[in-house]
Amino acid sequence: MIQEMKKKFYLEIKHICKQSGARYGILHTPHGDVEVPMFMPVGTLATVKTLSVEEIKAIGSGVILSNTYHLSIRPGADIVQKAGGLHKFMNYDGPMLTDSGGFQVFSLAANRKIKEEGVHFRSHLNGDKLFFSPEGAIEIQEKLGADIIMSFDECVHYPATYEYMLDSVNRTLRWAERGKVAHKTEQALFGIVQGGEFAELRKYCANKLVEIDFDGYAIGGTSIGEPKDVCLKMIDYAVPYLPVDKPRYLMGVGSIDYILEGIERGMDMFDCVLPTRIARHGALMTSKGRLNIRKAEYKEDFTPLDDECDCYTCKNYTRAYLRHLYVSGESLGQRLLSIHNLRFLIKMVEGAREAIKNDCFLDYKKSVIEKFGDAKGF
RNA sequence: GGAGGAGUAGCGAAGUGGCCAAACGCAGCUGACUGUAAAUCAGUUCCUUCGGGUUCGGUGGUUCAAAUCCGCCCUCCUCCA
């Protein structure tokens, strides 16, 4: 029976790129099958900021994220549950993933205390005392009802000492075990590999998580300000110990080059706020590099953002109009720019999948990066 | 023709003897943003060989010192005729 239920969620590897070793596959979920590698837009508060569900779907996204910490504070997990779960609450019928709140241990570090039993937070909204335990994070995520839920971990600040990281990894492992024991539903549960830049800790953490046995494995503690080579090492140190037949998720990675590096290293899933956040700040990813729509040079530029892009924005609007909307503070501007950046990244990953199928991923990676130029940031 | 008011950096607008190369806002420009406390944040916008040099409608004064005080001129606004 349990086998039967688990079958709703599994990864089917279809092809391994002969040139690179990158994987192409189908991730089967209760809300549909999606291809990997994939980029997953982040919708922290049960909304990918500024976008309607129709727009999210039109972009071609596979899975979208939401967040345990934030939703549990507002509107509250019970309300989402009463609504019939996240999918119904936000009217999205595609696969979803909720992060456990482990990232908030990092991003809201000023307002929290880490203990063995869990993490005590002060609400960033009103100062309320909050407590997140590994069991509690699972329980909340079960109420939210995403297809994939995450172990509660500590996303450790970079750089950290070996001693701190060792303690933290052991705690994260105990939390992973506790979360696994508490987990009651058929939602897929992923473990998160921590260990910072230390090879033996990444290996240790990965091996222990695999012993506990999860439905998928994430690499965490990445994209938090470490140099690029360190991030790549973090992946390299963990991947060899992850099972081939389970999905691998590189957390928080969303720049073009990092995604491609991750795919090359055998990662399947990526998420990041970068495309949506920078879009709201007027920065666009285009096939020719980074573009800042604020610039006066676009005032009378009646061409699309990116003439190689097939997104709704590029098909229908000009730079001059988008600049006008952005500069005027019109919300449509943020929306159209978010649509573009997400579509750009998702299309970039679509191209990666095709390249993997054709055993030429390394060529693809090289051509994308060369075309994008070495515009800083991505 | 008479009475009153106003002219400050690209624009708006503070400042009304020294701490003023001149607040602040806008506009412009440049960065940043990576499991979202983010429609946010940081820097920058007279010239410069970085020592300094030239600014506050124009001009001439007063003063150790003027965007700030005084004379004249120019321009604009309001009201009266």
Side-chain angles (χ1 to χ4, degrees), chain A residues 39-51 63-71 73-74 97-112 121-127 130 137 141 146 148-156 158 190-194 216 218-228 231 249-259 261-262 267 269-285 290 292-299 323 325-338 341 345 375-378:
Chain A
F39 176 77
M40 309 183 287
V42 180
T44 304
L45 286 163
T47 165
V48 177
K49 291 189 193 298
T50 76
L51 301 190
V63 171
I64 62 173
L65 261 68
S66 219
N67 184 277
T68 301
Y69 171 89
H70 289 286
L71 289 178
I73 296 176
R74 199 166 55 184
L97 180 155
T98 43
D99 186 31
S100 59
F103 183 71
Q104 279 62 48
V105 178
F106 163 80
S107 65
L108 301 174
N111 307 325
R112 55 75 171 149
F121 285 94
R122 285 289 186 169
S123 162
H124 64 287
L125 295 177
N126 59 13
L130 307 167
Q141 292 185 89
I148 303 168
I149 65 177
M150 302 300 297
S151 266
F152 188 58
D153 66 330
E154 179 192 356
C155 179
V156 180
Y158 176 87
F190 281 28
I192 303 175
V193 181
Q194 293 290 347
I219 295 176
T222 46
S223 285
I224 51 170
E226 78 284 5
K228 183 174 176 181
C231 177
Y249 165 23
L250 184 57
M251 307 188 81
V253 163
S255 64
I256 292 161
D257 54 346
Y258 279 56
I259 290 176
E261 297 286 3
M267 301 304 294
M269 303 159 66
F270 304 84
D271 81 287
C272 196
V273 305
L274 192 68
T276 42
R277 180 180 292 169
I278 68 174
R280 275 177 278 119
H281 298 166
L284 290 313
M285 299 172 171
R290 185 174 174 137
N292 188 338
I293 201 64
R294 281 180 304 185
K295 291 190 174 183
E297 62 180 288
Y298 303 127
K299 235 175 214 171
R323 176 183 187 278
L325 291 179
Y326 181 80
V327 165
S328 307
E330 286 292 335
S331 62
L332 178 61
Q334 301 194 316
R335 189 161 136 221
L336 293 174
L337 297 175
S338 295
N341 270 358
L345 262 194
K376 322 103 199 175
F378 306 132

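Below, read A as the first sequence line, B as the second, and so on, with proteins coming before strands; counting in each chain starts at 1.
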### Task
Using heavy atoms to find the nearest nucleotide of RNA chain B for A/R294 and A/Y249 separately, return the residue whose nucleotide is more 5′.
A/R294
### Message
Over all strands shown, is A/R323 touching base, sugar-phosphate only, or nothing at heavy-atom distances under 4.0 angstrom?
### Response
sugar-phosphate
### Query
Does A/S107 make a side-chain N or O approach to OP1 or OP2 of B/A37 shorter than 4.0 Å?
yes
### Task
Could you tell me which non-hydrogen atom of A/F121 sits nearest to which non-hydrogen atom of A/Q104, and how far apart they are?
CE2-O, 3.6 Å
### Task
Please work out if A/T276 contacts a base, only the sugar-phosphate, or nothing of the nucleic acid, heavy-atom cut-off 4.0 Å.
base
### Message
Strictly by Watson-Crick or wobble contacts shorter than 3.5 Å, is anything paired with B/C76, and which nucleotide is it?
### Response
B/G5
### Message
Restricting to non-hydrogen atoms, name the atom on A/S338 and the atom on A/L51 that form the minimum distance, rounded to 0.1 Å.
### Response
CB-CD2, 4.1 Å
#### Entry: Any A/N292 side-chain nitrogen or oxygen under 4.0 Å from OP1 or OP2 of B/G31
no
### Query
For A/L125 and A/I73, which heavy atoms make the closest approach, and how far apart are they?
CD1-CG2, 3.6 Å
### Task
May I ask you to say what A/L65 touches in the nucleic acid, namely base, sugar-phosphate or nothing, with a heavy-atom cut-off under 4.0 Å?
sugar-phosphate
### Query
A/Q104 side chain N/O closer than 4.0 Å to the phosphate oxygens (OP1, OP2) of B/G35?
no
### Task
Report yes or no: do A/S151 and A/D153 form a side-chain donor-acceptor pair below 3.5 Å?
no
#### Entry: side-chain N/O A/T44 vs B/U36 OP1/OP2, d < 4.0 Å
yes
### Task
Starting from C1' on B/A37, measure out to CG on A/L130 and report it in whole angstrom.
13 Å
